[in-house]
Structures are given as structure tokens and as C-alpha cells.
Amino acid sequence: MSGGATYLARRAAQKERVRILYRRALKDTLNWAVHRHLFYQDASDLREKFEANKHVENLDAIDRLIADGEANHNKFRHPDPYIVPWAPGGSKFNRNPTPPSGIEIVYDYGREDNA
């Protein structure tokens, strides 16, 4: 692989890692905020932190910043994150599972034919 292609591949991987880190941190910020107006301010502060390092060009410095950001995110993750109730891990997930095969649901109960 040539030097330019290696550079582009590494930059693409870094952009993907930054995007994933930002999304995870933003979702975790929503876990810490009790009200939306608090979340908006925290989200704005988080965006400013990412924008402050937007113009860094050194690949090794970018890797260090990403590693520091991931370590900081893992250190301050919410211990009990919000999970939508009907999503996997939520309180309503699989509350009413599908009945096993062989069991039929009779919809015309009480209106049987007397034939």
C-alpha cells in the first residue's frame, strides 16, 4: 500500500472512531441529564470539546486524543443507563412472549356451531 493510501485509510479509521465516541458520549450525556434543558447545555459543552481538537493534523496526536477521550468516557459512564422499556434489556422486553407452537387462539369463543 502506498503512503497516501495508508494515510487515507488511517484517517478514515480515526474519523469513524471519533464519530462512534461522540455518539456514545452524547447518549451517555442524556443518561446523566435529568431534564432536557440540562441535556442541551451538556451536549453543547461536549460538542465544544470535540470542536476544539478539530484542526489537529498529526496522526499520532489524533490517536492519543481519541484514546484519552475513550478512557475518559469509560471512566465516567453512567452506572445505570436508561434503556427503552421495550428494547432488549428493558423492563418490558419479552414480557408477553409468543405462545409455543401447537397452542391455538380461538377467536370465535362462545359462538360454536351446534351442528
Side-chain angles (χ1 to χ4, degrees):
M1 202 184 260
S2 67
T6 304
Y7 174 81
L8 291 176
R10 190 169 171 193
R11 283 291 285 171
Q14 287 175 340
K15 286 180 182 182
E16 183 70 14
R17 284 179 64 196
V18 169
R19 185 186 65 79
I20 290 170
L21 176 63
Y22 178 72
R23 286 194 55 159
R24 271 199 247 146
L26 193 62
K27 288 180 181 181
D28 198 50
T29 300
L30 189 57
N31 289 329
W32 285 103
V34 179
H35 301 287
R36 280 289 176 164
H37 68 278
L38 300 173
F39 165 72
Y40 292 140
Q41 182 60 44
D42 292 343
S44 178
D45 295 342
L46 178 66
R47 183 68 183 193
E48 288 174 7
K49 288 179 185 176
F50 275 81
E51 292 288 335
N53 297 314
K54 183 177 181 178
H55 302 290
V56 177
E57 293 293 327
N58 185 358
L59 295 179
D60 294 330
I62 294 171
D63 282 336
R64 276 194 308 276
L65 287 170
I66 293 171
D68 292 343
E70 288 172 344
N72 192 27
H73 174 258
N74 288 332
K75 182 178 178 183
F76 293 109
R77 285 177 60 187
H78 197 281
D80 187 23
Y82 177 75
I83 301 172
V84 178
W86 51 86
S91 60
K92 290 185 179 180
F93 184 70
N94 271 350
R95 182 173 285 181
N96 297 317
T98 56
S101 61
I103 295 178
E104 296 181 18
I105 299 174
V106 179
Y107 291 106
D108 60 351
Y109 180 77
R111 289 182 267 161
E112 294 86 6
D113 290 336
N114 292 331

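Under the side chain to side chain contact (heavy atoms under 4.5 Å, CB included) criterion, N58 pairs with D60, A61, sequence neighbours left out. For L46, the side chain to side chain contact (heavy atoms under 4.5 Å, CB included) partners two or more places apart in sequence, or in a different chain, are Y22, A25, L26, T29, F50.
Annotation: the span from N53 atom CG to E48 atom CD amounts to 12.5 Å, rounded to 0.5 Å. Here CZ of F39 is found 6.0 Å from CZ of R36. Values are rounded to the nearest 0.5 Å. Rounded to the nearest 0.5 angstrom, R11 CZ and I62 CD1 are separated by 4.0 Å. Taken from CD in E16 to CD1 in I20, the straight-line distance is 4.5 Å, to the nearest 0.5 Å. In this structure, the separation between NZ on K49 and CG on D45 is 7.0 Å, given to the nearest 0.5 Å. Taking CD from E51 and OG from S44, the interatomic distance works out to 10.0 Å, rounded to the nearest 0.5 Å.
Annotation: side chain of L38 is in contact with side chain of H35 (closest heavy-atom distance under 4.5 Å).
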Can you give the donor-acceptor pairs under 3.5 Å from side chains of residues 72-92 to other protein atoms, not counting sequence neighbours?
residue : atom : partner : partner atom : Å
N74     : ND2  : E70     : O            : 3.2
H78     : ND1  : D80     : N            : 2.9
H78     : ND1  : D80     : O            : 3.0

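Scanning both residues, L65 and V56, for their nearest heavy atoms gives CD1-CG2, 4.1 Å.
Side-chain N or O atoms of Q14 include one that pairs as donor or acceptor with a backbone N or O of L59 at under 3.5 Å.
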